[in-house]
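Below: the structure, in structure tokens.
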Amino acid sequence: TDPKATFESATTKLEAGNTEEAIEDYLALASAGWHASELYHNLAIAHDHLNQPNRALAQAYRSLLLAPQTQSYLASFDTLADKVDLAPSRQKTLKWGVRATQWHRPLAIAASLLFWMAIVFLIRWRHQPTALTFGILSLSFAAIAAGGALLLHTKLPSPTAAWFVGDDSLPMLASHAEGAPEVGSIRPLEEVNVQSTRGDWSNIVTTRGRSGWVKSDALAMLFPWRW
């Protein structure tokens, strides 16, 4: 089946008010490996229509990670973040994550190229003043680019990061076995790292260092295309 055709069909359903059917079709596309920014943007709209703002925000953030230059995606994220009363500091951190995802690799590549360019000029043409100046300038720009890449590296979201998208706190269990005791809980939109999955369950670690098991459908991976 042509993913584009399926996407257009799902979008027609969404526009006609068949929101749940549209979500099913969009999620089927994602499960099949079709990860497009417009897919997650439309999923954000659909979940918002169903009054599921936490799920909508997660989808909006995915679309922004894939297409950070698209202003309509940024506007959608901002609107949904305000709707769920996301703290301004958290919004700032998430936007830094988008910038880091966008610019970390290009800056690192630029730093490497400038460094080796400078080495070549300084070794081969070290007795030529112009080449020497160019080599020193290249080293300076390489250092700036490397510094920027290093800063952005600290802002990168974890590839195993996920948000809890439920509306109320969710207990974490000691195992995925039936009757397992509770070992803690996670709050709506809390970010966790998924360590492993088994069946319908995910083993997670919170930012507070607590680990446990929760149902996988309660989580939204930030980078499902990497998982």
Side-chain angles (χ1 to χ4, degrees), residues 26-27 30-37 39-41 43-44 47 52-68 73-74 77 80-81 84-105 107-108 149-178 180-227:
Y26 288 139
L27 292 179
S31 297
W34 198 74
H35 302 286
S37 59
L39 169 68
Y40 292 113
H41 177 65
L43 271 169
H47 283 296
Q52 299 170 339
N54 292 342
R55 290 186 181 275
L57 183 64
Q59 302 293 0
Y61 192 60
R62 286 172 172 174
S63 70
L64 200 54
L65 287 168
L66 287 169
Y73 295 172
L74 178 59
F77 173 80
L80 289 165
V84 300
D85 292 325
L86 195 67
S89 59
R90 176 84 181 278
Q91 293 187 43
K92 184 177 180 180
T93 298
L94 292 174
K95 289 178 181 177
W96 263 110
V98 172
R99 295 187 194 102
T101 303
Q102 180 184 12
W103 290 108
H104 170 260
R105 187 181 296 273
L107 278 175
L150 185 61
L151 172 64
L152 292 179
H153 181 74
T154 66
K155 307 291 185 181
L156 282 172
S158 168
T160 61
W163 292 352
F164 168 50
V165 290
D167 296 324
D168 301 302
S169 293
L170 179 71
M172 295 190 303
L173 305 181
S175 75
H176 55 84
E178 185 176 352
E182 295 182 12
V183 293
S185 64
I186 50 176
R187 300 180 300 271
L189 291 178
E190 182 172 349
E191 186 168 314
V192 300
N193 282 303
V194 177
Q195 303 299 297
S196 63
T197 60
R198 182 167 297 184
D200 296 332
W201 293 85
S202 292
N203 180 224
I204 62 171
V205 176
T206 70
T207 55
R208 294 161 287 163
R210 301 294 300 273
S211 63
W213 290 82
V214 298
K215 283 281 191 171
S216 297
D217 61 6
L219 304 174
M221 299 294 299
L222 297 190
F223 300 96
W225 47 92
R226 296 182 183 176
W227 187 250

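When reading the values below, keep in mind they use all heavy atoms of this one structure, side chains included, and skip hydrogens, waters and symmetry mates. Just so it is clear, the structure is predicted and the values come from calculations on it, not from any experiment.
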The reported gap from CG in Leu39 to CG in Leu27 (rounded to nearest 0.5 angstrom) is 8.0 Å
Which heavy atom of Ser169 sits nearest a heavy atom of Pro171, and at what distance? O-CD, 4.1 Å
CH2 (Trp96) and CG (Leu151) are apart, to the nearest 0.5 Å, by 5.5 Å
Just so I know, are the side chains of Arg210 and Val205 near enough to count as touching, which here means a heavy-atom distance under 4.5 Å? no
Distance col, row Arg187:CZ vs Asp168:CG, nearest 0.5 angstrom, shows 13.5 Å
Between Glu191 (side chain) and Thr207 (backbone), is there a donor-acceptor pair under 3.5 Å? no
Taking all heavy atoms of Leu80 and all of Ala56, pick out the closest pair and write down the distance. CD1-O, 3.6 Å
Check the orientation of Trp163 and Tyr61. Use parallel for under 30°, tilted for 30 to 60°, and perpendicular for over 60°. parallel
Side-chain donor-acceptor pair present, Gln59, Arg62, cut-off under 3.5 Å: yes
dist Arg99:CZ -> Leu94:CG (nearest 0.5 Å) comes out at 11.0 Å
Side chain to side chain contact (heavy atoms under 4.5 Å, CB included) evaluation trace for Leu64 with Leu74: CA-CA 6 Å; Leu64 200 54; Leu74 178 59; 4.0 Å; yes
May I have the step-by-step check of side chain to side chain contact (heavy atoms under 4.5 Å, CB included) for Arg198 and Asn203, ending in yes or no? CA-CA 8 Å; Arg198 182 167 297 184; Asn203 180 224; over 6 Å; no
Could you tell me which non-hydrogen atom of Thr206 sits nearest to which non-hydrogen atom of Glu190, and how far apart they are? CB-OE2, 3.7 Å
Working to the nearest 0.5 Å, report the span between CE of Met172 and CD1 of Ile186. 7.0 Å
How are the rings of His176 and Trp213 set relative to one another: parallel (under 30°), tilted (30 to 60°) or perpendicular (over 60°)? perpendicular
Within the 4.5 Å heavy-atom criterion, are Leu57 and Val165 side-chain neighbours or not? no
For side chain to side chain contact (heavy atoms under 4.5 Å, CB included), just list the numbers for Val214 and Phe164, CA-CA rounded to whole Å, side-chain angles, deciding distance to a tenth of an Å, and then say yes or no. CA-CA 10 Å; Val214 298; Phe164 168 50; over 6 Å; no
Can you find a pair of side-chain heavy atoms, one from Phe77 and one from Val98, that are under 4.5 Å apart? no
Is the count of non-hydrogen atoms from other residues, nucleotides or ligands lying under 6.0 Å from Arg105 atom CZ greater than 12? no
Shortest non-hydrogen separation from Pro188 to Gly166 and the atoms involved: CB-O, 3.4 Å
Indicate the atoms forming the closest heavy-atom contact of Ser158 with Asn193, along with that distance. OG-OD1, 3.0 Å
Decide side chain to side chain contact (heavy atoms under 4.5 Å, CB included) for Arg226 and His35; before the verdict, give the C-alpha distance in whole Å, the side-chain angles of both, and the deciding distance to 0.1 Å. CA-CA 10 Å; Arg226 296 182 183 176; His35 302 286; over 6 Å; no
For atom CH2 of Trp201, decide whether the heavy atoms of other residues, nucleotides or ligands shown that lie under 6.0 angstrom number more than 12. yes
Here the pair of heavy atoms bringing Leu173 nearest to Ala180 is CD2-O, 3.8 Å
Going by heavy atoms in the side chains, are Lys215 and Leu170 under 4.5 Å from each other? no
Would you mind reporting whether Ser202 and Thr197 have side-chain heavy atoms less than 4.5 Å apart? yes
